[in-house]
Number of protein chains: 2
Amino acid sequence: MSLRHALLGLLDTGPASGYDLMRTFNSTLSAVWPATQSQVYTDLNRLAEAGQIRVAAEGPRGRKSYEITAAGREELRHWLLEVAPDGYRRNDVLLRVFLLGAVSPSEAREFLRQRHAISGRHRAALEERDAGTDWDDDPLSVYGRLTLEWGKRFMTMQQEWSAWALEQLEKAPPHT
Amino acid sequence: MSLRHALLGLLDTGPASGYDLMRTFNSTLSAVWPATQSQVYTDLNRLAEAGQIRVAAEGPRGRKSYEITAAGREELRHWLLEVAPDGYRRNDVLLRVFLLGAVSPSEAREFLRQRHAISGRHRAALEERDAGTDWDDDPLSVYGRLTLEWGKRFMTMQQEWSAWALEQLEKAPPHT
DNA sequence: CTCCCACGTTCCAGTATTGACACGTCGCGG
DNA sequence: CCGCGACGTGTCAATACTGGAACGTGGGAG
């Protein structure tokens with residue numbers, strides 16, 4: 001459902017083709033809302049049918065440059081401010097943790113050690129990306145920086161949590 | 001894909017009916033991996049077809065008590081320890097933040113204030129749930145406590161982040 | 001003893017998402 | 001001037017997920 005809103009949001013910053021949008025999804029947005037190429041194109045067509053975007057210009061190899069319409073802006077605004085977010089749902093790492101009783105305590109500890117290491121790596125990668133980007137003061141840059149910071153804090157939290165969880169398990173292993 | 005593994009994991013702790021599993025999903029597990037009733041029942045049938053669970057007993061009103069089989073335990077173990085988790089993907093709150101340039105700076109700030117408040121409420125609710133549970137030392141209790149702690153830390157992180165983000169916006173509002 | 005609610009399962013239509021395949025074209029490096 | 005890699009779009013089948021409806025039953029409260 002939200003892919004269409006993501007597309008509206010991107011088009012709100014200026015016209016773009018499906019291909020352009022695709023690339024944005026595969027780079028910046030993939031961590032927050034992944035999408036495949038087929039979905040992007042089908043949803044663009046649906047948005048056009050719904051009159052929320054329109055083909056502004058056709059370019060070289062069948063390229064269609066889309067732009068957002070007034071109705072699209074309306075819908076985007078509504079979704080941003082008035083539709084209650086789902087929030088976080090569906091976390092397959094946490095699901096595994098919950099079910100870790102199915103393996104031995106030492107395997108469970110190893111699992112947590114792995115998570116600790118992985119969170120650290122992700123955190124470092126985000127740190128690097130932050131440092132390697134020259135942030136501007138345009139909206140996408142400002143709000144992009146906020147989401148990146150969220151990611152860094154998230155990874156830090158996970159790292160601290162897994163260290164803590166490991167301690168807990170060493171202190172009081174589950175009684176079978 | 002993971003729903004089936006969640007079911008296997010729950011059945012690994014003892015036999016249960018679809019109805020029982022449903023209830024577990026609607027209470028404990030809903031925050032980590034939501035599932036509707038129809039999905040639970042269809043996946044139970046598929047697991048049975050695949051020979052990973054089996055009907056252990058039939059009860060009163062057509063009740064089927066399922067138990068995990070050796071093949072099921074094998075699959076569960078494999079998924080837990082050898083399949084790389086997706087980790088965190090798809091966050092519609094963060095997606096909104098990223099696209100917040102579509103509304104006015106003051107509306108964006110209001111959005112963050114809302115998130116701050118909501119995170120606080122969720123955190124309090126988890127805190128309360130923690131205090132109101134008498135934790136045992138059986139696996140589901142031990143690992144359940146770890147996931148609950150993750151939730152608390154997540155909410156705390158979000159609260160701190162939104163306060164920080166708000167500050168950033170006040171300090172340097174996006175330039176249109 | 002009766003009624004109602006919780007127990008219990010199944011089916012279905014619609015949408016979302018994935019992954020792959022198919023197909024055509026501009027443009028530039030060699 | 002030729003080929004190939006990037007540009008660019010579309011379609012399909014399969015699976016995941018949602019929301020709702022339908023249907024039947026046992027057991028305990030009154």
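By convention in this document, chain letters (A, B, ...) are assigned in the order of the sequence lines, proteins followed by strands, and residues within each chain are numbered from 1.
- In this structure, a donor-acceptor pair under 3.5 Å is present between the side chains of Trp135(A) and Asp130(A).
- Neither OP1 nor OP2 of dG27(D) sits under 4.0 Å from any side-chain N or O of Arg61(B).
- When the nearest nucleotides of DNA chain C are assigned to Tyr41(B) and Pro34(A) by heavy-atom distance, the more 5′-ward of the two goes with Tyr41(B).
- dG19(C) atom P lies 13 Å from atom CE of Met22(A), rounded to whole Å.
- Residue side chain Gln37(A) reaches the base of dT9(D) through a donor-acceptor N/O pair under 3.5 Å, judged by distance alone.
- Put simply, CG on Leu44(A) is 13 Å from P on dT11(D), counting in whole angstrom units.
- Side-chain atoms of Ser38(A) and base atoms of dG10(D) include no donor and acceptor less than 3.5 Å apart.
- Looking at which nucleotide of DNA chain C each of Arg4(A) and Gly62(B) is closest to, the 5′-most match is held by Gly62(B).
- Taking atom OH of Tyr19(B) as the reference point, atom P of dA6(C) lies 8 Å away to the nearest angstrom.
- Taking atom CZ of residue Arg23(B) and atom C1' of nucleotide dC5(C), one finds them 13 Å apart after rounding to whole Å.
- Grouping the Ile, Leu, Val, Met, Phe, Trp and Tyr side chains by contacts below 4.5 angstrom, directly or via other members, places Ile118(A) apart from Trp79(B).
- Here the side chain of Ser2(B) pairs no donor or acceptor atom with the backbone of His5(B) at under 3.5 angstrom.
- Contact check, Arg63(A) against dT25(C): no side-chain N or O comes under 4.0 Å of OP1 or OP2.
- If you take CG of Asp43(A) and P of dT15(C), they are 12 Å apart, rounded to a whole angstrom.
- Atom CG in Leu7(A) sits about 11 Å away from atom P in dT17(C), given to the nearest Å.
- Residue-level contact check: Asp20(B) touches the backbone only, with heavy atoms under 4.0 Å from sugar-phosphate atoms and none from bases.
- Nearer the 5' end of DNA chain D, as judged by each residue's closest nucleotide, is the contact made by Gly18(A), out of Gly18(A) and Ala35(B).
- Distance Leu29(B) CG to dC17(D) P: 13 Å, rounded to the nearest Å.
- Checking the phosphate oxygens (OP1, OP2) of dA16(C), no side-chain nitrogen or oxygen of Gln39(A) falls inside 4.0 Å.
- Within the 4.0 Å cut-off from OP1 or OP2 of dC7(C), not a single side-chain nitrogen or oxygen of Lys64(B) is found.
- Between Arg90(A) and dT17(C) there is no side-chain N or O to OP1 or OP2 distance below 4.0 Å.
- In summary, Glu49(A) and Arg46(A) do not engage in a salt bridge, as defined by a charged side-chain N under 4.0 Å from a carboxylate O.
- Summary of the strand contacts: Thr42(A) and Leu3(B) both lie near DNA chain D, and taking for each the nucleotide with the nearest heavy atom, the more 5' one is attributed to Thr42(A).
- The separation between Glu58(B) atom CD and dT9(C) atom P is 10 Å, rounded to whole Å.
- A pairwise comparison of heavy atoms in Ala108(B) and Tyr143(A) identifies CB-OH, 3.2 Å as the closest pair.
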